[in-house]
Amino acid sequence: MLDKIFDAKSFEGNFSFDIEASTRVPGAEPFMVLLPPPNITGNLHIGHALCYTLQDIVARYKRLKGYDVLFQPGVDHAGIVTQLLVEKQIYASGVERGTLTREKLLKEIWFWKENSSGTIVNQLRKLGISCDFSRQRFTLDEKSKKAVTKMFVNLHRNGLLYRGHRMVNWDPLIGSAISDLEVVEKEVDGHLWHIKYELEDGKDYIVVATTRPETIFGDVAVAVNPKDSRYKKFVGKNVRIPLVDRLIPVIEDSYADPEKGTGAVKITPAHDFNDYEVGLRNKLPIIDIFNDKAELNKEVPEMFQGMDRFEARNKVVDLLEKKEVLLKTENIKQTLPFGDRSGVVLEPRVTYQWFVNAEKLARPAIRAVKEGKIRFVPKHWENLYFEWLENIRPWCVSRQIWWGHRIPAWYGPDGQVFVAESESDAKQQALKFYGKHDVKLVQDEDVLDTWFSSGMWPFVTLDWPENSEDLHRFYSNMIVVTGFDIIFFWVARMIMMGIYAMKDIPFKDVYIHGLVRDKHGNKMSKSKGNVIDPLVLCDKYGADAVRYTLAYMSSPGRDIKMSDQVVETGRNFLTKLWNVVRFAQMNGCVYNEHFDPNEVTHPLNKWIIFEAKNTISAVEEAYKNYRFDDAARLIYQGVWNSLCDWYMEFVKPILQESALTDTIAEGYNLDQTLLKKDIRDTMAWVIVQLIRVLYPISPFISKKLSGELGATEVVWPNFDNIRLDFADSIKQVQLLKEIITSVRSLKQSFRMPPSEKFNAVLEGNTVEASSFIETYSKIIEKMAGVTFVNNIGMSLPIVLSGAILRVEIDRKIDVQKEIANFKKEVENCIKMRDAAMFRLNNEAFRNKATEEVIAEHNTRVEVLSEKISKTEYIIRSLEAMQ
RNA sequence: GGGCACAUAGCUCAGAGGUAGAGCACUACGUUGACAUCGUAGUGGUCGUAGGUUCGAUCCCUGCUGUGCCCACCA
């Protein structure tokens, strides 16, 4: 027997899903769920909880449906994030900056990784995520290293990966190049300084406006628009850079916009993407004035050397002012690029980097989605995917950090590059190239962008480049569930790299979930202090309740506003379910696996089987379409509204009061014991079916409760063989509900306490109705709160389909008020009936509306008319009482 | 500047070309055995705005307003 109190903690910890997660079903259709690997630095946050819960629901649903499910877990090495974090810890422990070696850092990170990677696994288990942990992978493990190296070499061999000297986004804090995607634009307050550049002869000057006066040391020209007549006279002449007196030419270039600034723009090819292009076009030199920390280097006057860029800016402005060449300072809003990890302003910088020709890889990736081979859910995210891939630029994959996949490239003494899968291969190449042994090769110091290895996740986890059986079996039969924010970072790259390496799409469906926000709709952040910890929620309400709530709230394309209150709704539902089983147990219901619904005879039992059947087929449809919200809602309604509110209340008196049972059993020519058994079997069976379809969403309680009822196995319910005719049962239960609801409603409007009972007489209009009344009168008495008597005094009729219920009324009620209420109801009905009739009288409607619609309108008019006359009858009866 | 999404009850959100739904909140009544993490009955909405298509639009189309997001540019 279950405890009176539902406490998730009392049983959730007792369940492990390791066995089902690692069980293979050899002959079955393969299906893989690819868990987006969390960063080793990360704790499980609520966003993970959502993401992983949804895919766990998919995995569990597929398992129930008999698929061979591989739910692949793993952890991402998260290059920059991890290195920054561990460096910070190392420096905090007293190690001096600059003394840290590559070996020491890597050792520390590995040590740190070994100690922290278990945390996430435990957290996932607590949440009930049924990954196959025996296959846990790491993006930097040996297999991954081999695969990544192979991929790099292949791409290079095919000319899709190359080394280039180009302008990239440089993060001065990390001291590394980063990709375009890692740049976040932010609007900040800035200034526009107008600076006077004198002509060589000192007789005239030109004014340039800049937001970055410190870069004047890197200026190589001043550009004006060819169509700008104001500056025609300057073109071809030289101007003098203030503070350094270097001469630079005034050139014409259409990049200069006469509308912007002064129309004359200083050109600093080393420190601006546009200027870089202008420089290339006009064959201008490049003067880089920064080092890798964005401090000024030897190219600038001595007093500025080693100075930070912002400090230099102030200093330059000061000096310009003193020299009276600063003509104006405007306050402006400007948008600057920041590093998403470091948070510092980025510098464009020309360096040697490795690039992937993403444009070529993108083409088949675009096609795969255009042709519908890969489907985004919700579909509109495809737009975003196309938008990015169609305008994709070369992907800078090298990073000047230490934590990551070392780039498999070696350099000869003359700088000749050898890309190879191993150092010995590189040496072979060098031997061929130089024609001699013992050439000293040095491996590239850099590592790869973390997303390079993440992008290979769908096939790396299946042991590519080995030709494994799993690779054939599961690749392409996958689903990825993730957030929109990594469509570019991850999803697009997996598709590009997957198609390149495997000549086939990695997965068919990409489900994009929303963002979890706080209850006010704000993004969660540590600084705002509004972060909700899923593990705290699990402790408080149970993992099942958290999972249920996340599923319940996952409407496609919507963000989720999370709060304790909404989890309470989930928890309350599970409590209800708990009590359903408790009730079943108290009434001797035990799951019987040989129970055949087709042998059920009693209408109440037939009805609940019908309800369960409908609910479950709708739930299945919902799971199929990734409508986790619908699935959760449907089960909620099936359990609460059909099973608890009606069925259990109907059968309660039969099971618990033998006097009632006699009457009801007689009505059906049933043996009392048989009737009870029928009910117990049906109830246990229906509950188990409903609990089973809840299993994907809330697995712990599902297992717990089905076990309590004696159903050990969790399988998907099968209703295919049910041949019952439900029509009569549905009609009867509808009438029962109608009678009971009407009486209750009447009672409330009379302000009668539920304990007080109406005396009532139930008159059947027809023979069938009479027998119906005979059968159910005890249930009606109990549930509606009436006492059937032979004769009553002054009464109010409740006119039902096929019966009239007369309830005895004394004069204490406020008749006027009741009349007014009923009159209002009549008015409403008339309004609706007339609207329907108006349409039916409209010739255009009759000609163009479908037959079903017209039939439905006719029925509506009938039903409403009947209701109107019934209510008017009641009103007349009330008026007669006055 | 280009694009995407959203706008339905006090709140959070479902929904369908043909009578507007749920949960929470609120009101009233109710606790000796499934459940107060509950029950019963209620209150509450010209479905953002202006047009169009249609016999019929809250739903489809267009414009507008507001909100959120993505991309690009900025001397």
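Note that the coordinates shown come from a computational prediction; the quantities given were computed from them, not determined experimentally. In what follows, every chain begins at residue 1, and chains take the letters A, B, ... in the order their sequences are listed.
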Dot-bracket pairing map - RNA chain B, Watson-Crick plus G-U, both contacts under 3.5 Å, | cross-strand | (((((((..((((....[..)))).(((((.......))))).....(((((..]....))))))))))))....
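- A salt bridge does not link A:E827 to A:K831: none of the charged side-chain nitrogens sits closer than 4.0 Å to a carboxylate oxygen.
- Judged by distance alone with a 3.5 Å cut-off, no donor-acceptor contact links the side chain of A:R744 to the base of B:U40.
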Look for any protein N or O under 3.5 Å of an N or O in nucleotides 60-63 of chain B and output each such pair with its distance, or none.
none

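- Taking every heavy atom of both residues into account, A:P556 and A:Y511 meet most closely at CA-OH, 4.4 Å.
- For the side-chain contact (heavy atoms from CB on, under 4.5 Å) test, residues two or more places apart in sequence or in another chain that qualify with A:E708 are A:L2, A:V581, A:Q585, A:K704.
- Between B:A75, B:U12, B:U37, one nucleotide has an atom nearer to the side chain of A:M553 than all others, and that is B:U12.
- Nearest to the side-chain atoms of A:K260 among the listed nucleotides B:A5, B:A75, B:A14 stands B:A75.
- When the P atom is compared between B:U58 and B:G51, the two are found 12 Å apart, to the nearest whole Å.
- When distances are taken from the side chain of A:Y255 to each of B:A34, B:A75, B:A14, the shortest belongs to B:A75.
- A salt bridge does not link A:E738 to A:K867: none of the charged side-chain nitrogens sits closer than 4.0 Å to a carboxylate oxygen.
- In this structure a side-chain-to-backbone donor-acceptor pair under 3.5 Å is present from A:S525 to A:K528.
- Legend: residues meeting side chain to side chain donor-acceptor pair (under 3.5 Å) with A:R212, ordered by chain and number and at least two apart, are A:E214, A:E347.
- Rounded to an integer number of Å, the gap from CD of A:E621 to P of B:A14 is 19 Å.
- Residues A:T262 and A:F573 each lie close to RNA chain B; by heavy-atom proximity, the contact nearer the 5' end of the strand is made by A:F573.
- Listed by first then second residue, pairs satisfying ring pair (Phe, Tyr, Trp, His ring centres under 6.0 Å) with a partner in residues 542-568 of chain A read A:Y548-A:Y552, A:Y548-A:F573, not counting sequence neighbours.
- Every residue was checked against the side-chain contact (heavy atoms from CB on, under 4.5 Å) condition with A:S745, not counting sequence neighbours, and none meets it.
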In 5'-to-3' order, the base (B), backbone-only (S) or no-contact (-) status of each nucleotide in nucleotides 18-29 of chain B, using a 4.0 angstrom heavy-atom cut-off, is BB---SS---BS
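- Among the heavy atoms of the strands lying under 4.0 Å from A:D645 are primed sugar atoms or P, OP1, OP2 only; no base atom is included.
- Using cut-offs of 30° and 60° for the angle between ring planes, the A:W578 and A:F11 rings count as parallel.
- B:C24 sits 41 Å from B:C64 when the P atoms are compared, rounded to a whole Å.
- Between B:A5 and B:U46, the two P atoms lie 28 Å apart (nearest whole Å).
- Comparing the C1' positions of B:A16 and B:C4 gives a spacing of 24 Å, expressed to the nearest Å.
- In this structure, the side-chain contact (heavy atoms from CB on, under 4.5 Å) partners of A:D340, at least two apart in sequence or on a different chain, are A:E182, A:V184, A:F489.
- Looking at A:K561 and A:S563, their side chains never bring a donor and an acceptor atom within 3.5 Å of each other.
- Considering only residues two or more places apart in sequence or on other chains, A:K328 meets the side-chain contact (heavy atoms from CB on, under 4.5 Å) condition with A:H194, A:E330.
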Dump every N/O contact between nucleotides 68-71 of chain B and the protein below 3.5 Å, one line per pair.
| unit_1 | atom_1 | unit_2 | atom_2 | d |
| --- | --- | --- | --- | --- |
| B:C71 | O4' | A:E387 | OE2 | 3.3 |

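- Not counting sequence neighbours, the partners of A:K540 by the salt bridge (Lys or Arg N to Asp or Glu O under 4.0 Å) test are A:D564.
- Protein atom CZ of A:F628 is 15 Å distant from nucleotide atom P of B:A14, rounded to whole Å.
- Distance check on atom P: B:C13 versus B:C6 gives 13 Å, rounded to whole Å.
- Residues passing the side chain to side chain donor-acceptor pair (under 3.5 Å) test with A:R517, sequence neighbours excluded: A:D559.
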